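Working notes, beginning with the structure itself.
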Amino acid sequence: MSSDPGVKVQRHQRGMAWVHAERRGIAEERLEETLGRAVREWRGKVGMTQAQLAELSGLTQGAISRLEHGKCMPTFPLLERIVRAFGSALLVSMEPDRGVTVTFAGDAEVA
């Protein structure tokens, strides 16, 4: 499980797993940091290295690192490449007084 506060890794009874990151619980965190944290946690959950994700998404390992550390705001086309590489769904929700929620979901083995 994640040691990162604000990230929840869960497993559904049918083997479906998801990573859930909320900006609300971490003061001063920017949206790009929340997105990056979710990508990093999901990549770890599916057992993929940054280099493997870079190759599958057509990005560089440096670009993956910048994304995961919240150093850039990803565009929709970039996020589309990431979810295609993962073969997982990405859900981003914004609600008044609840902040931002980023969730990856798919058929990953949860350790």
Side-chain angles (χ1 to χ4, degrees):
M1 294 295 166
S2 173
S3 62
D4 199 342
V7 173
K8 299 173 189 165
V9 180
Q10 300 176 340
R11 180 179 178 162
H12 188 272
Q13 62 190 17
R14 293 185 185 154
M16 177 76 79
W18 62 89
V19 167
H20 179 80
E22 290 183 6
R23 184 167 72 165
R24 177 176 80 126
I26 299 177
E28 305 296 317
E29 186 177 64
R30 300 174 326 211
L31 176 58
E32 55 268 31
E33 292 170 329
T34 304
L35 285 164
R37 197 161 36 88
V39 169
R40 184 176 61 247
E41 290 289 332
W42 189 249
R43 180 179 57 76
K45 191 54 49 200
V46 299
M48 196 180 288
T49 65
Q50 283 185 348
Q52 289 168 324
L53 179 56
E55 183 177 335
L56 289 171
S57 65
L59 300 167
T60 65
Q61 187 273 327
I64 298 297
S65 178
R66 285 189 299 279
L67 170 66
E68 289 185 356
H69 289 93
K71 302 297 181 192
C72 66
M73 176 59 82
T75 62
F76 281 108
L78 185 142
L79 290 172
E80 194 172 28
R81 292 166 80 171
I82 296 290
V83 299
R84 192 174 304 124
F86 282 146
S88 303
L90 170 65
L91 308 166
V92 179
S93 171
M94 296 180 193
E95 298 178 55
D97 301 323
R98 293 199 50 153
V100 176
T101 302
V102 179
T103 305
F104 274 99
D107 294 326
E109 288 297 318
V110 177

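FYI, the numbering just counts along the sequence from 1. Quantities reported herein were computed from a predicted structural model and do not represent experimental measurements.
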(message) Can you classify the ring geometry of Phe104 versus Phe86 as parallel (below 30°), tilted (30 to 60°) or perpendicular (above 60°)?
(response) perpendicular
(request) Could you note down all residue pairs passing side chain to side chain donor-acceptor pair (under 3.5 Å) where residues 46-55 supplies at least one of them, sequence neighbours left out? (result) Thr49-Gln52, Gln50-Gln61, Gln50-Glu68
(request) State the CG-CZ distance between Leu56 and Arg84, to the nearest 0.5 angstrom. (result) 11.5 Å
(message) Please enumerate all residues that pass side chain to side chain contact (heavy atoms under 4.5 Å, CB included) together with Leu91, with sequence neighbours excluded.
(response) Thr103
(message) To the closest 0.5 Å, what do you measure between CG (Leu35) and SG (Cys72)?
(response) 9.5 Å
(request) Can you measure from CZ (Arg66) to OG1 (Thr60) and round to the nearest 0.5 angstrom? (result) 5.5 Å
(request) Working to the nearest 0.5 Å, report the span between CD1 of Ile82 and CG of Leu67. (result) 5.5 Å
(request) Mind checking the OG-CE spacing from Ser57 to Met48? Nearest 0.5 Å is all I need. (result) 9.0 Å
(request) Verify the cluster assignment for Met94 and Met73: are they in a single hydrophobic cluster under the rule of side-chain heavy atoms below 4.5 Å apart? (result) yes
(request) Work out which heavy atom in Ser88 is nearest to a heavy atom in Trp42; give both atom names and the distance. (result) OG-NE1, 3.0 Å
